[in-house]
Structure formats: C-alpha cells, structure tokens
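Since this is a predicted model, take the numbers as computed values, not measurements.
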Amino acid sequence: MTLSSRAKRPMRSVLAVALALTAAPAFAGGPYTQTVFFGDSLTDGGFFRPLLPASVRPVTGQFTTNPGFVWSQYLADYYGTGASPNGNGQIGTNYAAGGARVGINTTGALGPIPSLATQTNNYLTANGGRADARALYSVWGGANDLFAITNAGADPTTTIAGAVASEVGVVGSLRNAGARYILVATVPDLGLTPAFRALGAAAQANGTALATNYNNALFSALGSNGLRVIPLDTFTLIREVSANAAAFGFTNTTGTACQPQITANSLTCNPTSYVTPDAPNTYLFADGVHPTSRAHQILSQYAVSVLEAPRQIAALPHATAVVGRARADRVANHLGGKPEGDGTRWWVDTRVDVQTYDQGNLYDSMGPALTGGVDWTRGNFVFGAFGGLGRNTYDYGNNAGEFDQSEGTLGGFVAWYGEKTWVNGQLSYSQVGYDVDRDVWLGPVKRTHSGSPDGTNLSFGVNAGMQFGEGSVKHGPVVSVLAQRIDVDGYTESNPTQSTALAYPDQNFDSLIGSIGWQATFELSDHMKPYAKFTYDREFEDYAEEAFARSLTVVGTPEYAVPGLQFDDSYATAVLGARTELFGLDANVGLTATIGQTDGTDAALFATFGKSF
C-alpha cells in the first residue's frame, strides 16, 4: 500500500492540530556529554596558538587553511560539545598537538610537544583518573612516527611496533578509566600527499606501504587485546576523494593551497598566503601533508556518519513497536461494545499513522494501514480473526536518508462482555520488511547505502474496563497491557568496498506497555456517540543501551558500539472519536495522539466500518 506525496499533504494538514498540541522540543544534550581529542596536527585545534604573535593568532594556529576548522572542531560543533585546545595555558578538551608522536615526547620549534600517551595522562590526571563514560573520545596518531622513518631514518620495524604498542596503551588506559566510546582513526594514505608525490613514485609507494602496515598492525593489536573501538577509515576515504576529486568539488589534489608550494607550513597559512582566494575549498591539501579546511569538513561528515548510522538502524524496531501498538489499539476497540444478539459481523479499519521523533532530528513518518476481520458473537462472548497490511515511509532527519516499513499481520481476538464490565484479548504475528536507504553526505557528494532486512512482531494484548452512569453519559476506568517481541535481521549495506559502508547485527526488542485511564461516552442520539479516552502509559522494558555496527573496510575489526536511542518510558495518550452510522454501516472515526513525550509524538487518524450479516 502506498500514498502519493500529493495525497499525503491533506492528511498531514488534518493531523497538524493534534501534533501541535503534543509537539516536543528538539532533543537536547545529544548522545555525548563531551568530546575529548588526543592526537597530532590532524586533530590539533590550536595547541600552539598562544605562542604565536598576538597580531596573527586570529588567522593562524591550526594545521590547515586558517582560519578554517579542522575535523575535530566540525565534529564537536555537530554534537554541540567542544574542541577547544588544551595546552600552553589553554584548558579545553582537545589535547592534540601538532608534531605529536604516539608514545614519545618531542620538542619542536615552538617548544615541547606532548605525545598522545602524555596527552591522555594529562587528561586522566586532571579528572582524578576517571574518564567520563558518556563522552566521545578520539585517538588519532601514528603519522609523525612514520615521518620519523621517512625523514629521520628511524628503523621501520621497531618504530611502528613501538607506536602501535603506545596507541594500544592509550586506548587501554581510557577503557580502564571508564571510557566506552573511543574513535580510532587510521593513518591516511601518505603516498597521496603532495610531499610524497614530490619525491617520486618510489616515495609514494613507500608512504602508502608504511601507512598500510601501521594501520594493519594497530587494529590487529587492538583486537587481540580485546579493545573495542569505533574505527574511522581515513586511509580509504582520502583515496576515494583523491580518485574522484571533481565530484567532491576539488580541482587540485597534487599541489598545496598555501604558498610556497609543497614546503608551506599550514600552521601559519592564512588568506594572505593562499594560492587563490578559494583555495581552501578547491584544494585537497593545505601544505605537503595536511588537508584543507574543506577536506577536514568531509572527514568530519564521515565521522558523523559512522557514529550516527547504528542509531539510525536502531530506530527500526522502535518504529515497528509504535505501529504495532496502533494496530493493537484498533483491534481492541473495533467493536465499541457488545453486539446485539448472536451473529456474525465483518469489520474493516483504515488508519494513517504519523510518527515524529526529534531526538537529534531522528525521523518522521507517515503511512496507511488496513486491518479487517470477522467476529462471531455467542452470548457474552465474541470471537474473531483478523488480518492487516501496512506501509510507512520514514524520513531520517539531517538529510540522512529514509526507510520503508511494510508488514502483513494475522491474529485472533476474544472478548467477554458483562453488564458493566468487559475484557478482551488478542494475539497476532506480523511479518515485517524494511527497505533502508542511508544517505551519507561528503561535501557535495551523496552516497546511499541500502539494505533490506526482514523482521517479525509477535504481539499479545489484554484490555479491560468498567462503565458507570445512566442516561446519555457513561464513563469508567480502562486498563490494558500490550507485550511485543520484535526481531530485526542484521544486514550488510550495499557498496561494501566504500569507506562509509557498514554492517549491522540482529536486533531484538521486547516492549511491555501498561496503560490505565478513563473513558467517557456521550450519547447525543442513537447514531451519534462521541467519546474521549485518556490513559497514562508506561513502558516497562528498557531500551537498548547501545547500538552496534561494523566497519567493512577496516578488515578484521569487531562490532563497535555507540549510545543507543532512549525514548520516554512514561507518557499519556488521548483518543477522541465518535461512533455513528455512515452509508448504512456502523462507523467509528477519530484521532489518537500521545501527549508528554519529550522526544516525539505518535498520532493516527482512524475510521472503522462494520456490519452484521
């Protein structure tokens, strides 16, 4: 079942009133409490800036096309955290220093350069030896150790082994101190940089080989030490950008945006030394080895995609649970009361579901559903069988793609009606199919990684209520319990050789929602009975604490984890409707919407028709 975009617009307008009443503020705080960076010049947010002349500090101090950002600053900006430098009197959370080696402290023209190991020790010392478990950490080093081999003649075997051991030690120290989310980037392909290109083909091949050996050794050692990290494959990404530069908006990948060519020092590069005014946007490299600010922005977009993808896919079982509850509510309330006399009755329910979740602009959706069945009444009992079809289209926020969810359902229904009380129960099984298109924007380039996992939803619900009052107004308490077991298959995304492609494990989600509230019916006439129901709802199961994915290009790495999606476990639901007669059929039309969800809203328009025969 599908709806054209033209047909959707009026329905969205009809639901606007309900959504406005239950609108939630944008998700505040984000998944991470702070961002903390350890690294070298590729991550440095201005470690040396206080040592430069005051007159040039506003337009110098970072190893890129100043005053542009480096990737760490773009990433922190995305999450609303910080990437201000730490060192030389500065007290931010970006400890990275240009020229830093992984485990060896050195000294440069501007003074001492702390290694990544020292940077990490400084952070832990300043925080009482503890690492914030909800922070995002970045560890990116190794390039300067490789430069010690190419520029100073250090022994390749011992230098790489020592640097790898030190980087593993940094990650281990953070993990032991309580860090849970540690991003570790590969060394980029040094052979593609202008400095190595200028030295000829042999130097290029050597630079590529050194970076490859370091990356393989690093991630192999992390795995053998049981250290789970979030891998960022900058090696492959830079190769992809370089191979298709024009698509990414770059016109030059071999020269440098800063003058003099190749030998420029990006630390002091600024608009007065650009090759052309737009060089930061059209050149891939600022100097012999450092990316321009535009290239750093693409790196940050890549990092965001790796961090957010598992959370996007974690939305699938939640979306299924919301649709499952909407369907269960309509099955439970399709009768509206005990039918008069024994007999058989058919019924059909049409529904349009809308979901909007502002948790980091997670997603919004809309889609139709059709449920129908046959009831048999025998005395105080009603027995029924039902089936249904539905399809929802979910748009991820931030231009991150979409997924379609389609499902087919079969189930059974039984109810008992007394003079003033009633109870009903249902059991159903749904086969669910998903078509996921995850979009990754890298500058002007959009990559779409697709997959079509399957899923299931086994649901069991019980509803009960009492009714008081005489005359035209009747009211009473209502209670319900709905249990859902949702399973979503894992899958591998399309275009698996691209750095941005990922794989996802199976997901299992148990939902148990209990509701208690009050319902009132107003009998205006034999054929017009408006009603209202308000319930307090509680989700008793916990949402997954973490979401998982696996890199496809950093070979041999295990699944990594990021913070999972957390939704409100307590909220309210309002239902406004009327039971009437339309076209000679019994009808029940109305609107339902959640109230008080800080991160989202679920709403539905429904119309149920039935007739005895």
Would you please classify the geometry between the [Y] ring and the [X] ring as parallel, tilted or perpendicular, with 30° and 60° separating the classes?
X	Y	answer
Trp347	Phe386	tilted
Tyr394	Phe403	parallel
Tyr32	Tyr181	perpendicular

Output, in order, the C-alpha distance, side-chain angles, deciding distance and verdict of side chain to side chain contact (heavy atoms under 4.5 Å, CB included) for Lys420 and Met466. CA-CA 6 Å; Lys420 293 183 178 295; Met466 300 182 66; 5.6 Å; no
Under the side chain to side chain contact (heavy atoms under 4.5 Å, CB included) criterion, do Val575 and Gln519 qualify, and how do the steps go? CA-CA 9 Å; Val575 182; Gln519 178 172 289; over 6 Å; no
Quick check against the 3.5 Å criterion: does [X] have a side-chain atom that pairs as donor or acceptor with the backbone of [Y]?
X	Y	value
Arg311	Gly564	yes
Gln355	Val322	no
Asp568	Thr598	yes
Asp233	Thr236	yes
Glu240	Ser499	yes
Asp537	Thr573	yes
Thr594	Asp602	yes
Asp342	Gly379	yes
Trp441	Asn399	yes
Thr93	Gly82	yes

Side chains of [X] and [Y]: is there a donor and an acceptor less than 3.5 Å apart?
X	Y	answer
Ser570	Arg538	yes
Asn457	Gln484	yes
Asp349	Thr608	yes
His449	Asp437	no
Thr33	Asp132	yes
Ser450	Glu493	no
Ser511	Glu539	yes
Thr320	Tyr434	yes
Gln431	Thr456	no
Glu308	Tyr79	yes
Thr35	Thr81	yes
Arg327	Ser430	yes

Geometric cation-pi criterion Arg330 and Phe606, 6.0 Å radius, 45° cone: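 Yes - Arg330 lies over the ring of Phe606, closer than 6.0 Å to its centre and within 45° of its axis.
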Which atom pair, heavy atoms only, marks the closest approach of [X] to [Y]?
X	Y	result
Leu482	Ser459	CD1-CB, 4.4 Å
Ala503	Thr492	CB-OG1, 3.7 Å
Ile298	Gly443	CG1-N, 3.8 Å
Gly584	Lys611	O-NZ, 2.9 Å
Arg325	Thr535	NH2-OG1, 4.4 Å
Pro496	Leu552	O-CB, 3.5 Å

Does Tyr137 form a side chain to side chain contact (heavy atoms under 4.5 Å, CB included) with Leu183? I'd like the steps, not just the answer. CA-CA 6 Å; Tyr137 299 87; Leu183 188 154; over 6 Å; no
With a 4.5 Å cut-off on side-chain heavy atoms, are Val478 and Trp422 touching?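 Trp422 vs Val478: side chains touch.
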Counting C-beta onward and ignoring hydrogens, is there a side-chain heavy-atom pair between Phe468 and Pro477 closer than 4.5 Å?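 They are in side-chain contact.
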Please determine whether the number of non-hydrogen atoms from other residues, nucleotides or ligands lying under 6.0 Å from atom CZ of Phe613 exceeds 12.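 Buried by this count: over 12 neighbours within 6.0 Å.
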Greater than 12 external heavy atoms within 6.0 Å of Leu524's CG: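 Yes - once you tally the heavy atoms of other residues, nucleotides and ligands closer than 6.0 Å, there are more than 12.
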How would you list all residue pairs meeting ring pair (Phe, Tyr, Trp, His ring centres under 6.0 Å) that involve residues 479-534, not counting sequence neighbours?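 Residue pairs with at least one partner in residues 479-534: His475-Trp518, Tyr491-Tyr504, Phe509-Tyr543.
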Which one of Ile182, Val554, Val306, Leu307 satisfies the side chain to side chain contact (heavy atoms under 4.5 Å, CB included) criterion with Tyr560?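 Passing option: Val306.
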Evaluate the criterion side chain to side chain contact (heavy atoms under 4.5 Å, CB included) for residue pair Gln297 and Tyr302; output intermediate values, then yes/no. CA-CA 9 Å; Gln297 185 178 32; Tyr302 170 45; over 6 Å; no
